[in-house]
Amino acid sequence: MTVEAGAAIEWALRVCQSMAFAIHGILGVTEPWTGCVTHAFRDTGAMPKWFWPVAGIILWTVAILNFSKNDKVILGVQAYIAAF
């Protein structure tokens with residue numbers, strides 16, 4: 001595989017990751033109004049009300065930073081994604 005092909009595959013994977021994190025971020029930020037996440041996880045009050053919106057904002061941040069020009073930032077973001 002050439003460097004250009006590897007870079008293209010890497011870019012496509014980062015686009016997919018960021019789209020998934022952006023969509024889940026929307027779910028987290030809108031949770032206080034929709035209740036879809038607490039319903040899906042059958043949460044009966046174990047998580048504080050502020051948790052899901054904060055988690056959504058963090059997911060949006062990760063989705064944006066996944067396209068940083070700094071390789072160290074991307075490495076950190078990819079570590080977070082792998083741990084997620």
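Note that the coordinates shown come from a computational prediction; the quantities given were computed from them, not determined experimentally.
Cluster partners of F67, by chain and number: W11, V15, M19. The rule joins Ile, Leu, Val, Met, Phe, Trp and Tyr whenever side-chain heavy atoms lie under 4.5 Å apart.
Counting only heavy atoms from C-beta outward, the side chains of V62 and N66 never approach each other to under 4.5 Å. The side-chain heavy atoms of T38 and E31, taken from C-beta on, include a pair separated by under 4.5 Å. Side-chain contact between W52 and D43 is present, with at least one heavy-atom pair separated by less than 4.5 Å.
Of all non-hydrogen atoms in S18 and A63, the two that sit nearest each other are OG-O, 3.0 Å. Pairing each heavy atom of V37 with each of L27, the nearest pair is CG2-O, 3.9 Å. The two atoms that bring V29 and P32 nearest to each other are O-CD, 3.4 Å, heavy atoms only. I26 and W60 make their closest contact through N-NE1, 3.5 Å (heavy atoms, listed as atom of the first residue, atom of the second, distance).
Among I64, L65, L59, the single residue meeting the side-chain contact (heavy atoms from CB on, under 4.5 Å) criterion with T61 is L65. In summary, of the residues considered (L75, I74, V77), a side-chain contact (heavy atoms from CB on, under 4.5 Å) with S68 occurs for I74 alone.
Residues satisfying the ring-ring contact (aromatic ring centres under 6.0 Å, His included) criterion with F84, sequence neighbours excluded, are F21.
The cluster map of Ile, Leu, Val, Met, Phe, Trp and Tyr, joined by side-chain heavy atoms under 4.5 Å apart, puts W50 and W33 in different clusters. Tracing side-chain contacts under 4.5 Å through hydrophobic residues (I, L, V, M, F, W, Y), one never reaches L13 starting from I23; they form parts of separate clusters.
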(Q) Would H39 and T34 count as a side-chain contact (heavy atoms from CB on, under 4.5 Å) here? Give the steps. (A) CA-CA 9 Å; H39 178 72; T34 63; over 6 Å; no

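Residue pairs meeting the salt bridge (Lys or Arg N to Asp or Glu O under 4.0 Å) criterion with at least one partner in residues 8-27, sequence neighbours excluded, are E10-R14.
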